[in-house]
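Reviewing the structure listed below.
Since we're looking at a predicted model, the values are computed, not measured. Ligands are counted one by one from 1 in listed order, and the atoms in each one are counted from 1 as well. Residue indices begin at 1 and follow the sequence shown.
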Amino acid sequence: MRLVKGNNFISLKDYDRDDILSVMQGISSYDDQNLKRFIPNNKKKLIANLFYEPSTRTSSSFYAAATYLGHEILSINNVQYSSVAKGESLEDTIRTLASYVHCIILRHSEEGAAYSAVQVSDVPIINAGDGIGEHPTQTLLDLYTIYKEFKRLDRLTVALMGDLKYGRTIHSLIQVLDLFDVHIHLIGPHELKLPLQYYKKEYIESTMLTENIAMSIDVLYITRVQKERGAVGNYAFTREDAMKLDNKCIVMHPLPRNEELGDWFDSDPRARYFEQMSNGLAVRKYLLGEILG
Ligand code: NCD
């Protein structure tokens with residue numbers, strides 16, 4: 001599946017290895033010194049940022065990307081002040097916005113919401129996270145961070161640690177890592193295990209970061225407990241864990257973080273979560289560039 005003008009961007013399910021590698025090249029073409037340059041655009045479009053769930057990075061990086069590309073953003077993030085508060089369905093809200101704008105970026109608390117939106121929209125929908133379903137634009141920035149670091153997506157060992165049950169960033173990321181020659185370790189409490197449908201390959205599972213795992217991994221990807229989705233469980237990346245990790249192992253986190261990743265690690269040269277976050281701008285510029293043409 002190649003991303004072309006007018007496409008929706010809902011899931012990474014239809015992408016193969018070559019597609020992903022060409023996406024990585026595409027993102028790097030947007031990732032230059034002038035990331036924050038405004039590009040005059042005579043094909044200016046209006047884009048709706050429709051957020052039913054809280055967001056800082058995703059909504060503001062889409063906003064910034066659209067603005068730098070010369071587009072305009074219509075932000076609806078306080079849905080309590082829209083007709084949603086009057087009981088309007090997602091479908092009717094999408095129909096309404098689709099008749100006013102050229103593209104809708106949607107974050108919603110229900111899994112599958114982005115697919116429902118596609119059914120009633122004649123403008124492209126970008127999935128900015130659908131409940132515990134997927135978060136494909138986050139996955140592109142996660143992958144791009146790995147790609148930038150290692151210059152490849154093959155021959156890597158990645159540990160996914162934390163809330164594997166409710167974390168949509170994990171659900172999207174694991175599907176794409178499976179396309180590559182990547183060994184995956186799943187680390188987390190039993191009650192937050194990865195749902196069965198995501199087991200496409202053999203993964204090595206454990207409840208903690210053992211010395212053996214720590215020494216073998218290139219990437220440690222930590223996530224928070226999704227308490228707002230009913231998750232219960234506890235874990236944290238500790239100073240002892242950090243000592244076990246190889247010097248070349250990078251530590252990622254989609255953010256926001258809670259107690260699972262303390263700020264004591266921020267100055268460690270292996271921390272990559274702030275780079276990861278800033279890579280979101282190039283990724284979203286690339287996506288809007290491709291989809292809006
Ligand atoms: C993630 C999300 O919304 O799923 N945040 C993000 O977009 N960077 C991760 C999370 O909320 O835990």
Side-chain angles (χ1 to χ4, degrees), residues 9-12 27 49-66 73 75 77 79 105-114 125-146 158-177 186-189 191-192 194-195 198 219-237 250-263 266 271-288:
F9 188 68
I10 305 299
S11 164
L12 288 161
I27 298 168
N49 234 1
L50 176 60
F51 278 63
Y52 286 74
E53 281 193 336
S55 168
T56 302
R57 277 152 290 272
T58 308
S59 63
S60 54
S61 60
F62 266 119
Y63 188 104
I73 281 265
S75 286
N77 42 26
V79 287
I105 298 159
L106 174 68
R107 168 167 289 187
H108 200 273
S109 51
E110 267 170 50
E111 184 172 5
I125 302 286
I126 299 179
N127 184 3
D130 61 327
I132 63 166
E134 288 200 47
H135 195 347
T137 72
Q138 176 71 39
T139 291
L140 292 188
L141 74 91
D142 296 341
L143 285 177
Y144 186 62
T145 305
I146 297 172
V158 176
L160 304 174
M161 175 173 168
D163 185 348
L164 311 177
K165 183 171 181 184
Y166 297 100
R168 58 191 171 201
T169 66
I170 297 284
H171 301 162
S172 280
L173 181 59
I174 199 163
Q175 299 181 42
V176 185
L177 292 179
L186 302 178
I187 306 172
E191 56 277 26
L192 296 177
L194 187 72
Y198 295 106
V219 178
L220 175 63
Y221 186 99
I222 307 173
T223 61
R224 77 183 166 91
V225 179
Q226 305 274 308
K227 293 186 188 114
E228 74 275 30
R229 307 189 198 285
V232 277
N234 262 322
Y235 54 86
F237 175 63
I250 60 168
V251 174
M252 296 173 62
H253 190 303
L255 303 174
R257 59 175 154 178
N258 297 145
E259 59 283 349
E260 74 285 351
L261 176 59
D263 57 8
D266 294 357
R272 285 295 178 285
Y273 29 93
F274 298 131
E275 280 85 351
Q276 187 184 349
M277 168 195 77
S278 59
N279 286 334
L281 186 53
V283 167
R284 277 131 188 166
K285 279 174 92 171
Y286 161 78
L287 277 175
L288 294 176

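- Not one N or O on the side chain of Tyr198 forms a donor-acceptor pair closer than 3.5 Å with the backbone of Lys165.
- Asn49 contributes no side-chain N or O that, together with a main-chain N or O of Ile105, makes up a donor-acceptor pair within less than 3.5 Å.
- At distances below 3.5 Å, at least one donor-acceptor pair connects side-chain atoms of His171 with backbone N or O atoms of Leu164.
- Residues of the protein with a heavy atom under 4.0 Å from ligand 1 are Thr58, Arg107, His135, Gln138, Arg168, Thr169, Arg224, Gln226, Pro254, Leu255, Pro256, listed by chain and number.
- Every residue two or more places apart in sequence or in another chain that forms a side chain to side chain donor-acceptor pair (under 3.5 Å) with Arg107 is listed here: Thr58, His135.
- Under a 4.0 Å N-O distance rule, the pair Glu260/Lys227 does not qualify as a salt bridge.
- Using cut-offs of 30° and 60° for the angle between ring planes, the His108 and Tyr52 rings count as tilted.
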